[in-house]
Each structure stands twice: as structure tokens, then as C-alpha cells.
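Only one structure is covered here, and it is reproduced in the block below.
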Amino acid sequence: MLFPENLRYSKDHEWARLEEGRILVGITDFAQQQLGDIVYVELPSPGERVEAGRSFGVVESVKAVSDLLAPVSGEVLEVNKGLMEHPEWVNQDPYGKGWMIWVKAENPSELEELLDAMGYEAFIAEES
């Protein structure tokens, strides 16, 4: 499993990366492995507000349907429209072309409350 050092991680298995004042969000490699083959992704529309810890969408796999929980609060600036036709990107490249949303964070300090790579890896080990 991959745990990139440049990301922050929620205990709900989403990742976040600050980039030029915006935050890129997706699900972790661990999450996509647990879900299995992803067949559908439902994301919010640009302009909608997301709230940390609350659902911002749904991912459906051959095994289950799971809520996506926002790691930070803010306004959705952009969504990965490619996932509508290619949900498998989440399995193939969860930290790259499988990204989900860009958020204009209301409180960028929420990122500091998330786990770093080592903390997330330890959290996964405890859960397993």
C-alpha cells in the first residue's frame, strides 16, 4: 500500500493535499483496496459546500456502497468529471488521476488535524 508523504489522511480513509490555496481530495490506496473494483462515483457539483466529517458523495464497488467523507470544510471548486466514465481510475491511481474534488478550504488549519503518512499507516495497522 502507498502512503505518500506529501498528503494528509483522515481516519475515514480520504486524503487531502494543499496546493496553491486549494485542497485536492480523494480516497486512499487502502480504501480502494478494501472496496474492490469501483464501478460508480457520485460527486457534488462545483459551488456546493462540503463539511469536514460529512458525506460529499458516494463510491460504489462490486462489494459495497460507501459514503465519501470530506476531510475539510469548504466550497467545491472542481470535480473529476472523468470518474463518471472511468470510475476504475480510483483503483488504478487513487493519488493521481483518481482524485475526486478540489475544495476552497474555509479553515486550512483543518489539514493539521489530519494524520500524516506515518500516523495513517499506524492507524491502518491498528484497524487490521
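Just so it is clear, the model here is predicted, and its values are computed rather than measured.
A 4.5 Å side-chain heavy-atom check between Glu48 and Glu75 finds every atom pair outside the cut-off. Side-chain atoms of Val41 and Val58, non-hydrogen and from C-beta on, never get closer than 4.5 Å to each other.
Heavy-atom contacts from other residues, nucleotides or ligands closer than 6.0 Å to CD of Glu19 number more than 12.
In terms of hydrophobic clustering, with Ile, Leu, Val, Met, Phe, Trp and Tyr side chains grouped at heavy-atom distances under 4.5 Å, Trp15 and Val50 are assigned to different clusters. At a threshold of 4.5 Å between side-chain heavy atoms, the hydrophobic network of Ile, Leu, Val, Met, Phe, Trp and Tyr places Met1 and Trp99 in one connected group. Both Val72 and Leu43 are assigned to one and the same hydrophobic cluster, defined by single-linkage of ILVMFWY side chains at heavy-atom distances under 4.5 Å. In the hydrophobic cluster analysis, where Ile, Leu, Val, Met, Phe, Trp and Tyr join through side-chain heavy atoms closer than 4.5 angstrom, Ile124 is grouped together with Leu2.
Between the side chain of Ser73 and the backbone N or O of Ala52, at least one donor-acceptor pair lies under 3.5 Å. Between the side chain of Trp102 and the backbone N or O of Leu24 there is no donor-acceptor pair closer than 3.5 Å. Within the 3.5 Å criterion, the main-chain N or O of Pro71 finds no donor-acceptor partner in the side chain of Glu14. Although no hydrogens or angles enter the test, the distance criterion places a donor-acceptor pair under 3.5 Å between the side chain of Ser61 and the main chain of Leu35. The main-chain N or O of Phe123 is never found under 3.5 Å from a side-chain atom of Glu126 such that the two would form a donor-acceptor pair.
Relative orientation of the His13 and Phe30 rings is tilted, given thresholds of 30° and 60° on the angle between their planes.
When all heavy atoms are compared, the tightest approach of Gly53 to Leu69 is O-CD2, 4.0 Å. Across Ala16 and Leu111, no two heavy atoms sit closer than the pair CB-CD2, 3.6 Å. The minimum heavy-atom distance linking Pro87 with Val39 is given by the pair CG-O, 3.3 Å. Of all heavy-atom pairs spanning Pro46 and Leu77, the tightest one is CB-O, 3.7 Å. Of all heavy-atom pairs between Val76 and Pro44, the closest is CG2-CG, 3.8 Å.
A salt bridge does not link Arg8 to Glu112: none of the charged nitrogens lies less than 4.0 Å from a carboxylate oxygen.
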Going through the distances and angles, do Phe56 and Val25 end up as a side-chain contact (heavy atoms from CB on, under 4.5 Å)?
CA-CA 11 Å; Phe56 71 86; Val25 175; 4.1 Å; yes

Gln34 and Lys63: side-chain contact (heavy atoms from CB on, under 4.5 Å), yes or no, with the steps?
CA-CA 9 Å; Gln34 295 297 305; Lys63 290 183 184 179; over 6 Å; no

Please test Leu83 against Trp89 for side-chain contact (heavy atoms from CB on, under 4.5 Å), starting from the C-alpha separation and ending with a verdict.
CA-CA 7 Å; Leu83 295 180; Trp89 289 353; 3.8 Å; yes

Please evaluate residues Tyr95 and Gln32 with respect to the criterion side-chain contact (heavy atoms from CB on, under 4.5 Å), reporting the C-alpha separation (whole Å), side-chain torsions for both, the decisive distance (0.1 Å), and the verdict.
CA-CA 11 Å; Tyr95 303 118; Gln32 70 81 19; over 6 Å; no

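Here the CZ-CD distance, from Phe3 to Glu121, works out to 4.5 Å after rounding to the nearest 0.5 Å. To the nearest 0.5 Å, the span separating CD on Glu88 from CG on Asp37 amounts to 9.5 Å. Between the CG atom in Asp93 and the CG atom in Asp29 there is a gap of 9.5 Å [rounded to 0.5 Å]. Atom CG of residue Asn80 and atom CE of residue Met100 lie 8.5 Å apart, to the nearest 0.5 angstrom. Rounding to the nearest 0.5 Å places CD of Glu42 at 9.5 Å from CG of Asp67. Of the inter-residue distances, the one linking Leu115 atom CG with Leu7 atom CG reads 12.0 Å to the nearest 0.5 angstrom.
The closest side-chain donor-acceptor pair between Thr28 and Tyr9, if any, does not fall under 3.5 angstrom.
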